[in-house]
S.K.: 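Pasting a structure here, questions to come.
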Amino acid sequence: MADTHSKKILLIIGGGIAAFKSLDLIRRLRERGHTVTPVLTKAATEFVTPLSVSALAGEKVYQHLFDLNDEAEMGHIELSRAADLVVVAPATADLMGKMAAGLANDLASTLLMATDKRVLIAPSMNVRMWDHPATQRNLATLLEDGILTSGPNEGDMACGEFGFGRMAEPMEIVGAIEAAVNDGPLKGKHILVTSGPTHEPIDPVRYIANRSSGAQGAAIAQALLGLGARVTFVSGPADVPAPMGVDLVAVETAAEMLAAVESAKDVDAGIFAAAVADWRVASASDEKIKKDGNGLPVLEFAENPDILAKVCASSTRPKLVVGFAAETQNVIENATAKRKRKGCDWIVANDVSPATGIMGGSENDVTLITADGAEDWPRMGKDQVSQKLAEKIAEALS
Ligand code: CTP
């Protein structure tokens with residue numbers, strides 16, 4: 001689990017169709033040990049009821065600015081400051097406009113003006129409203145004010161249109177919230193992790209793959225989250241689920257993995273734990289290959305791009321790049337040569353001969369190769385390897 005130190009979230013639910021997703025957001029946040037104090041705008045009550053919100057949050061719901069009962073219990077100034085983070089989800093065009101203009105004419109907008117805590121918004125609106133110059137102007141103002149955002153995503157909308165404006169999924173918002181509230185040496189750092197195998201299609205039903213489970217990559221992402229990093233997790237089809245709280249980009253092939261890696265922006269460190277297929281079938285068939293009596297099919301291969309080497313050579317190379325070397329012989333020699341050839345800072349080398357039980361297993365026996373030489377780590381759980389590596393990464397980025 002990521003850092004589950006309990007945090008206090010003041011959740012302002014705006015009046016948009018995505019308000020129903022905020023119920024799930026409350027549930028997810030509580031599952032992870034956080035407390036949620038909900039605030040509903042007047043419009044939000046058209047979409048979700050105070051009763052359902054309060055039942056899920058296990059807390060009183062605040063709705064009115066001049067409610068004497070509320071003020072007697074907790075004044076709006078105190079309410080706005082008792083939280084570790086203020087979250088607005090869904091953040092409607094109206095709420096964003098109020099925030100950008102500094103209006104304070106209801107409880108939600110007053111709390112947003114009165115708070116001394118950071119604010120994260122999850123915008124949600126129709127694509128045209130999102131694209132409208134007024135919204136984009138308000139967004140620019142809010143970003144300049146240091147407001148954090150999660151989404152919006154591109155996709156189908158409740159109104160039948162397609163485009164940007166769909167509220168981020170609850171787990172994406174949880175990830176953004178935890179990245180904002182986690183205290184740790186990697187707070188404010190953005191780390192990219194590749195993980196899992198890639199699948200290279202032969203035809204629509206068959207593919208070439210490898211035995212990587214994705215366990216090491218997932219454990220590294222988890223450890224990095226725990227130290228406060230924001231993690232973009234680019235994963236091939238792994239056996240192990242992606243840790244909660246990462247920004248997950250699910251891919252299948254090496255080409256897709258490369259595209260996902262190249263589109264990640266402002267990355268402080270890249271950790272390339274994926275077992276990328278070195279080759280793909282040169283011309284995968286669009287139709288299922290049949291036993292047609294003409295003999296055995298012959299597969300021609302083409303070399304896949306070396307994602308790690310490309311990133312190392314790029315003009316946007318992260319400050320720290322860590323590769324992995326899966327070897328079955330002359331581990332240190334091969335990995336040392338690989339570090340130089342690919343241009344990365346460190347290589348985590350391991351022996352993946354079947355007898356070691358490492359590939360697909362829960363333990364790892366690694367040697368860290370840096371410019372200073374080889375450092376042998378004792379055999380330990382993949383979680384411990386990850387923790388140790390995450391701490392070293394934090395040191396290198398500090
Ligand atoms: N890697 C990559 N893209 C590829 C192949 C590998 O990004 N197309 C990365 C892996 O994620 C890993 C490192 O390169 O961090 C080394 O992978 P490995 O499979 O050990 O090395 P190869 O490049 O395949 O070299 P060789 O086949 O000679 O062992």
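Just follow the structure's listing: the first ligand is 1, and inside any ligand the first atom is 1.
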S.K.: Could you find the nearest protein heavy atom to atom 7 (O) of ligand 1 and give me its residue, atom name and distance?
M.R.: Leu308 N, 2.8 Å
S.K.: Which word best sums up how the rings of Trp279 and Phe301 line up, parallel for under 30°, tilted for 30 to 60°, or perpendicular for over 60°?
M.R.: perpendicular
S.K.: Taking the side chain as every heavy atom from C-beta outward, state whether Val267 and Thr232 have any atom pair closer than 4.5 Å.
M.R.: no
S.K.: About how many Å separate CD of Glu154 and CZ of Phe164, when rounded to the nearest 0.5 Å?
M.R.: 4.0 Å
S.K.: Do the side chains of Leu23 and Ile177 join up, straight or via other hydrophobic residues, at under 4.5 Å, putting them in one cluster?
M.R.: yes
S.K.: Write out the residue and atom name of the closest protein heavy atom to atom 3 (N) of ligand 1, then the distance separating them to 0.1 Å.
M.R.: Ile307 N, 3.0 Å
S.K.: Do Ser109 and Asp106 meet the criterion of a side-chain donor-acceptor pair at a distance under 3.5 Å?
M.R.: yes
S.K.: Should you measure from each heavy atom of Gly323, which atoms of ligand 1 turn up under 4.0 Å away?
M.R.: 15 (O)
S.K.: If we only consider heavy atoms of Met257, is any one of them less than 4.0 Å away from an atom in ligand 1?
M.R.: no
S.K.: With a cut-off of 4.0 Å, which atoms of ligand 1 are near a heavy atom of Phe324?
M.R.: 12 (C), 13 (C), 15 (O), 16 (C), 17 (O), 20 (O)
S.K.: Answer side chain, backbone, both or neither: which part of Asp278 comes under 4.0 Å from ligand 1, heavy atoms only.
M.R.: side chain
S.K.: Using a strict threshold of under 4.0 Å (side-chain N to carboxylate O), is an ion pair present between Glu178 and Lys7?
M.R.: no
S.K.: Give me the nearest non-hydrogen protein atom to atom 15 (O) of ligand 1 as residue plus atom name, then the distance to 0.1 Å.
M.R.: Phe272 O, 2.6 Å
S.K.: Would you find a donor on one side and an acceptor on the other, under 3.5 Å apart, between the side chain of Asn350 and the backbone of Val352?
M.R.: no
S.K.: Which of the listed options, Lys338, Glu303, Arg339, Arg341, holds the heavy atom that is closest to atom 18 (P) of ligand 1?
M.R.: Lys338
S.K.: Atom 11 (O) of ligand 1: which of Ala275, Ala274, Pro305, Ala277 has the nearest heavy atom?
M.R.: Ala274
S.K.: Which residue holds the protein heavy atom closest to atom 1 (N) of ligand 1, what is that atom called, and what is the gap in Å?
M.R.: Lys342 NZ, 3.8 Å
S.K.: Applying a strict 4.0 Å limit to heavy atoms, is Ala326 in contact with ligand 1?
M.R.: yes
S.K.: Give the C-alpha distance, both sets of side-chain angles, the deciding distance and a yes or no for salt bridge (Lys or Arg N to Asp or Glu O under 4.0 Å) between Asp24 and Lys21.
M.R.: CA-CA 5 Å; Asp24 194 32; Lys21 286 202 217 169; over 6 Å; no
S.K.: Short list, please: which atoms of ligand 1 are under 4.0 Å from a heavy atom of Ala325?
M.R.: 20 (O)
